[in-house]
Enquirer: 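What follows is a structure written as structure tokens; I'll ask about it next.
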Amino acid sequence: MARATFTIDSHGGSREVTVTYERSGSGEPLLLLHGIGHHWQAWQPVLPILAAERDVVALDLPGFGASPALPDGLAYDLSTVVPVLDAFCRHLGIERPHVAGNSLGGLLALDLGREKRVRSVTALSPAGFWTEAERRYAFGTLLAMRQGARALPLPAIERLSRSAAGRTALTSTIYARPGRRSPEAVVAETLALREAPGFRETLRAGRTVQFRDDIPEIPVTVAWGTRDRLLLRRQGVRAKQVLPGARLVRLPGCGHVPMNDDPALVARVILDTSR
């Protein structure tokens, strides 16, 4: 795992941002963006497949995983985080990568596409296509997950992770097949959820988010798991209405974070979009 420190322009002048990331493979660049409360390791099930054909960069978003919080005064909204991602890519010498994102990461990927900063977009269960009732349900569920993670002492989390039933209790909201997760992965992502300094500010910034703009000039795929319990799959139909030129893909048997539920299918969807 590597660390990058770079500057971005803000209303208060130049600010320094640091993010951690994992980079592997060769080929055209592909940026991977995780969801709220997660970390870059969410992509581990698909990384070996993607890295065989792409120069893959999976990062911890600012305030999540091992990436520090944004500097004081910077909001966790699209107008801040999207330029941070663009500056990160430029820091690595990457120009207009392909991008794939899940949930919050899917929304960020679509906004990068809207800004024409990427070559293609794959959005897996992206945020921003909800009704107000669906948004409240999703945010309430996320807050309950975080409160549950914060209430459990580490030995209890480790004990639960050792059984399929315990892994289901900890992660079934986001995975359709939680028993497939390794105990180590479940412990790490539960800790990432409870410790993320950017969690509440990201939720706060998302209260008014609706993605309403078409992305007509680059390939876009929106993919939704049929067993997504957090952002219900009917939101994919709305996404197709907003993005009429996008490919809408059904992910059978997959939950909200589909990379773990069907790595081969998710990798194929991303690679097909980024041809």
Side-chain angles (χ1 to χ4, degrees), residues 1-23 31-43 57-94 97 99 101-115 117-118 126-128 130 135-136 138-152 154 188-211 230:
M1 189 167 60
R3 177 170 282 218
T5 300
F6 50 93
T7 59
I8 64 165
D9 294 327
S10 72
H11 295 304
S14 294
R15 309 295 295 274
E16 194 172 86
V17 177
T18 298
V19 300
T20 58
Y21 67 96
E22 181 75 9
R23 189 171 188 176
L31 184 68
L32 300 179
L33 307 175
H34 62 77
I36 186 171
H38 228 305
H39 51 181
W40 74 261
Q41 290 90 339
W43 297 96
V57 179
L59 78 153
D60 286 333
L61 294 170
F64 296 96
S67 290
L70 287 169
D72 289 345
L74 293 185
Y76 287 81
D77 56 13
L78 294 175
S79 64
T80 299
V81 179
V82 167
V84 165
L85 295 173
D86 187 54
F88 167 72
C89 289
R90 286 187 279 106
H91 177 80
L92 295 188
I94 296 172
V99 62
N102 173 224
S103 194
L104 166 64
L107 172 64
L108 292 168
L110 289 167
D111 209 58
L112 283 163
R114 185 180 63 83
E115 295 288 333
R117 302 189 192 205
V118 293
W130 41 44
R135 184 200 65 76
R136 288 198 305 268
F139 282 26
T141 302
L142 288 166
L143 284 167
M145 289 174 62
R146 178 161 157 105
Q147 289 165 359
R150 298 183 84 172
L152 287 171
L154 179 58
E189 63 196 359
T190 302
L191 296 178
L193 172 63
R194 82 177 191 181
E195 295 170 5
F199 184 89
R200 282 195 171 272
E201 290 300 318
T202 299
L203 275 189
R204 187 174 291 112
R207 287 176 180 169
T208 59
V209 168
Q210 288 281 346
F211 196 87
L230 188 65

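What you see is a predicted model, and the numbers here were worked out from it, not measured in a lab.
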Enquirer: Answer yes or no on whether Arg23 is positioned over the face of Tyr21, meaning its NZ or CZ is under 6.0 Å from the six-membered ring centre and within 45° of the axis.
Expert: no

Enquirer: So, for Ser10 and Gly13, which heavy atoms are closest and what is the spacing to 0.1 Å?
Expert: OG-O, 2.7 Å

Enquirer: Which atom names give the shortest non-hydrogen contact between Leu70 and Ala75, and what distance separates them?
Expert: CD1-O, 3.5 Å

Enquirer: For side-chain contact (heavy atoms from CB on, under 4.5 Å), just list the numbers for Leu110 and Phe211, CA-CA rounded to whole Å, side-chain angles, deciding distance to a tenth of an Å, and then say yes or no.
Expert: CA-CA 8 Å; Leu110 289 167; Phe211 196 87; 3.8 Å; yes

Enquirer: May I ask you to test the Leu33-Asn102 pair for a side-chain heavy-atom distance under 4.5 Å?
Expert: no

Enquirer: I want to check something: taking the side chain as every heavy atom from C-beta on, are Val19 and Pro62 in contact at a cut-off of under 4.5 Å?
Expert: yes

Enquirer: Tell me, do Ser67 and Leu59 make a side-chain contact under 4.5 Å, heavy atoms counted?
Expert: no

Enquirer: If I compare all heavy atoms of Arg3 with all of Ala66, which pair ends up nearest, and what's the gap?
Expert: NH2-O, 3.4 Å

Enquirer: Please report the interatomic distance NE2(His38) to CZ(Phe199), rounded to the nearest 0.5 Å.
Expert: 12.0 Å

Enquirer: What's the spacing between Asp86 CG and Arg117 CZ if we round to 0.5 Å?
Expert: 4.5 Å

Enquirer: CG of Leu74 to OG1 of Thr80: how many Å apart, nearest 0.5 Å?
Expert: 6.0 Å

Enquirer: Would you say that Leu203 contacts Ile36 through its side chain, given a criterion of any heavy-atom pair below 4.5 Å between the two side chains?
Expert: yes

Enquirer: Can you confirm whether or not the ring centre of Phe139 sits under 6.0 Å from the ring centre of Trp130?
Expert: yes

Enquirer: Is there a donor-acceptor pair under 3.5 Å between the side chain of Arg146 and the backbone N or O of Ala196?
Expert: yes

Enquirer: Stepwise, does the side-chain contact (heavy atoms from CB on, under 4.5 Å) test hold for Tyr76 with Arg204?
Expert: CA-CA 8 Å; Tyr76 287 81; Arg204 187 174 291 112; over 6 Å; no

Enquirer: Look up atom CG in Leu143 and atom CZ in Arg200, then write down how far apart they are to the nearest 0.5 Å.
Expert: 5.5 Å

Enquirer: Does a side-chain heavy-atom distance below 4.5 Å link Asp60 with Gln41?
Expert: yes

Enquirer: Have His39 and Glu189 got a donor and an acceptor in their side chains that come within less than 3.5 Å?
Expert: no

Enquirer: Determine the minimum heavy-atom distance between Ala149 and Leu193, stating which atoms define it.
Expert: CB-CD2, 4.1 Å

Enquirer: Nearest 0.5 Å, please: how far is CE in Met145 from OG1 in Thr190?
Expert: 8.0 Å

Enquirer: Could you tell me which non-hydrogen atom of Pro126 sits nearest to which non-hydrogen atom of Gly106, and how far apart they are?
Expert: CB-C, 3.8 Å

Enquirer: Taking salt bridge (charged side-chain N to carboxylate O under 4.0 Å, His left out) as the test, write out the residues that go with Arg194, two or more places apart.
Expert: none

Enquirer: Please report the C-alpha distance between Val81 and Leu108 in whole Å, then the side-chain angles of each, then the deciding distance to 0.1 Å, and finally whether the side-chain contact (heavy atoms from CB on, under 4.5 Å) criterion is met.
Expert: CA-CA 8 Å; Val81 179; Leu108 292 168; 3.8 Å; yes

Enquirer: How close do Gly206 and Arg135 get, heavy atom to heavy atom, and via which atoms?
Expert: O-CD, 3.9 Å

Enquirer: Parallel, tilted or perpendicular: which describes the rings of Phe6 and His91, with under 30° parallel and over 60° perpendicular?
Expert: tilted

Enquirer: Arg15 side chain to Asp72 main-chain N or O, any donor-acceptor pair under 3.5 Å?
Expert: yes

Enquirer: Using the test salt bridge (charged side-chain N to carboxylate O under 4.0 Å, His left out), find all partners of Glu22 that sit at least two apart in sequence or belong to another chain.
Expert: none

Enquirer: Taking the side chain as C-beta and beyond, is there a heavy-atom pair between Leu112 and Leu85 under 4.5 Å?
Expert: yes

Enquirer: Is there a side-chain contact between Leu154 and Leu191 (heavy atoms, below 4.5 Å)?
Expert: yes

Enquirer: How about Leu142 and Leu230: do any of their side-chain heavy atoms sit closer than 4.5 Å?
Expert: yes

Enquirer: Yes or no on side-chain contact (heavy atoms from CB on, under 4.5 Å) for Leu61 and Thr202, after CA distance, side-chain angles and deciding distance?
Expert: CA-CA 11 Å; Leu61 294 170; Thr202 299; over 6 Å; no

